[in-house]
Each structure stands twice: as C-alpha cells, then as structure tokens.
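Encoded as structure tokens, the structure appears first; notes follow it.
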Amino acid sequence: MNRTSLLSLCVAASLVACTERTSSPAAGVDSGVAIAPVAPAAPGKGQTPAPSTEPQGAGSPEAVVPGSATAEAANADSGVGEYTGAPAAEKGTCSAASLSPRAAPASPALPAPVESMRQRIIAAAVACDYTALNTLADENGKAVRFTFGDDTDAGEYWRAAEKLGNPELARIVKVLNLPYAKQDNLYFWPAVHVTGATSDKDWGALKGVYPDEEIAGMKDQGSYLGLRVGITPEGDWQIAVAGD
C-alpha cells in the first residue's frame, strides 16, 4: 500500500469514529431510561422547613370558644347581646352559668323597654357578670332594691351570696322566665307575688326556683315570700328582693 492510500484510510477511520460519538444519546434524553427523582434535602439544624401546601383539618367543625368571633356571631343571632366585662376567673362560675341566656317568650307581650331590660338582666346573670348587673341596675337612675339590709352594692351582695352557695343569679334568671303580673307602676315576676299562689299549679310553677321544702313552707304560710323582680314600663329595674 502506497503512502497516499494509507493516508486516505486513516482519514476515513477518523470520520467513522467521530460520527459514532456524536450520535450517542445524552444520558437520560430519549434513552428510555427514567431519571430517578432527587429527594429534597432534609432541613439542617436551625433551618425552618418550607410550609406545607396541604389543607390542614379540612372539613372539621370549628369549636365555639367563648369570646371568639364564632361565639359572638352565635350570641348576636340569639338577640340578647353578650356581656364580656366579667373577670375571667368568674365567668362560668356562678349558679346561672348553665342556664340559657335567652328569655322565654312573655305572654302577653311586654312593652319594648321592659322586655329589653328583662333580656339583658338574664344575659348578664348567665354570664356571671356582676358589673353588668350593677350597670343595668343604675341605667335609668334609681338603683335596684336588692336587700332589706344596709348593703349598697347589688353586684357585691350577689357575688358574696354566690360564694356562700346561695344561687341568687340562677333565681333571678328562673323568676324572669315565669309568668308576670302588673301592679301599680311595676311589672312583677313571678306573677304569684301579685296574684297570690292559690293553687297547686301556682306553687308547682315555682319548682326549681326554690327547694321543695322551702316552697312547702311558703305554702303553709299562705304567701309567696321568695325573690321578686320589678321593672317599670320605662325599663327601669327597681326590685330584685326576697322576704317579707
């Protein structure tokens, strides 16, 4: 083989080798071999993981927490308003705490100022809010007559009574949910304070307000001597007192 032929053969071989290298597919591109996914690196110490985009607790009901926006909305729907001035330590600790803050419908219907005061007294008592009760007592001028003694602060009087185990606030709520009667310039609860309890039905309506033995004692005396609440037609709360 002469020198010219040898050179031509070398050039041809070089061209074939170059063609094979350039036609080889790049790794992972159209090669039919799946690329293994690369796992994200775990956050190192002191690093904050990226926030998850998955929904948390989707579909779970929201608990109604006292004082929350949900609780306020539920309370607004009740139409009675909410008293939030009570110290946290007192909320839910009085005898009325387990009762409904909504007043039972009055029959016949009361004048609007009277009904408003009745509903707000009930709401404040159920909230165990002595400050709100004092505010309502003084809202229209004359303070509530709550005792035949010398005490001057109704809220403090009821707070002290509750601490001694006397369910004063529960009785206020329960009495205001009983039938009423008007005497002179006052709407009174319960009605038997005005009309007198003359039948077993009258006395039976008081069940739950006082223990059975106390009701029996009043029945023997022939008159209701328990708590009565009085509100004027203008909505002035004037009386919340028991006794003769």
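None of the values given here were measured: they were computed from a predicted structure.
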Quick one: are [X] and [Y] in side-chain contact, heavy atoms under 4.5 Å?
X    : Y    : answer
W237 : R118 : no
W203 : M218 : yes
Y224 : D202 : no
E156 : R159 : yes
L169 : L99  : no
L178 : V209 : yes
P108 : Y180 : yes
I239 : V229 : no

*Could R120 and E139 be called an ion pair, given the rule that one side-chain N must be under 4.0 Å from one carboxylate O?*
yes

*Run the salt-bridge test on K219 and D200 with the 4.0 Å N-O cut-off and return the result as yes or no.*
yes

_Could you check whether atom NZ of K182 has more than 12 heavy atoms from other residues, nucleotides or ligands sitting under 6.0 Å from it?_
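More than 12 within 6.0 Å, yes.
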
If you compare all heavy atoms of [X] against all heavy atoms of [Y], which two are closest, and at what distance to 0.1 Å?
X    : Y    : answer
Q221 : L225 : OE1-CD1, 3.4 Å
G155 : D153 : N-OD1, 3.0 Å
A124 : L133 : CB-CD2, 3.7 Å
A125 : C94  : O-SG, 3.5 Å
A103 : E115 : CB-OE2, 4.4 Å
W158 : A240 : CZ2-CB, 4.0 Å

Quiz: residues 183-197 side-chain donor-acceptor pairs under 3.5 angstrom, not counting sequence neighbours:
{"unit_1": "T195", "atom_1": "OG1", "unit_2": "A191", "atom_2": "O", "d": "3.2"}

If you round to the nearest 0.5 Å, how far is [atom2] of [Y] from [atom1] of [X]?
X    : Y    : atom1 : atom2 : result
N134 : D129 : CG    : CG    : 9.5 Å
N177 : R102 : CG    : CZ    : 11.5 Å
K207 : I215 : NZ    : CD1   : 7.0 Å
N140 : E234 : CG    : CD    : 8.5 Å

*Side chains of E162 and S95: donor-acceptor distance under 3.5 Å anywhere?*
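The answer is yes; a qualifying pair exists.
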
_Checking Q238 against D236: is there a side-chain donor and acceptor pair closer than 3.5 Å?_
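The answer is yes; a qualifying pair exists.
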
*asked:* Working note: L227 + V241, criterion side-chain contact (heavy atoms from CB on, under 4.5 Å); need CA distance, chi angles, decisive distance, verdict.
replied: CA-CA 5 Å; L227 176 71; V241 69; 5.6 Å; no

*Test I122 against I172 for side-chain contact (heavy atoms from CB on, under 4.5 Å), laying out the working first.*
CA-CA 7 Å; I122 289 174; I172 289 174; over 6 Å; no

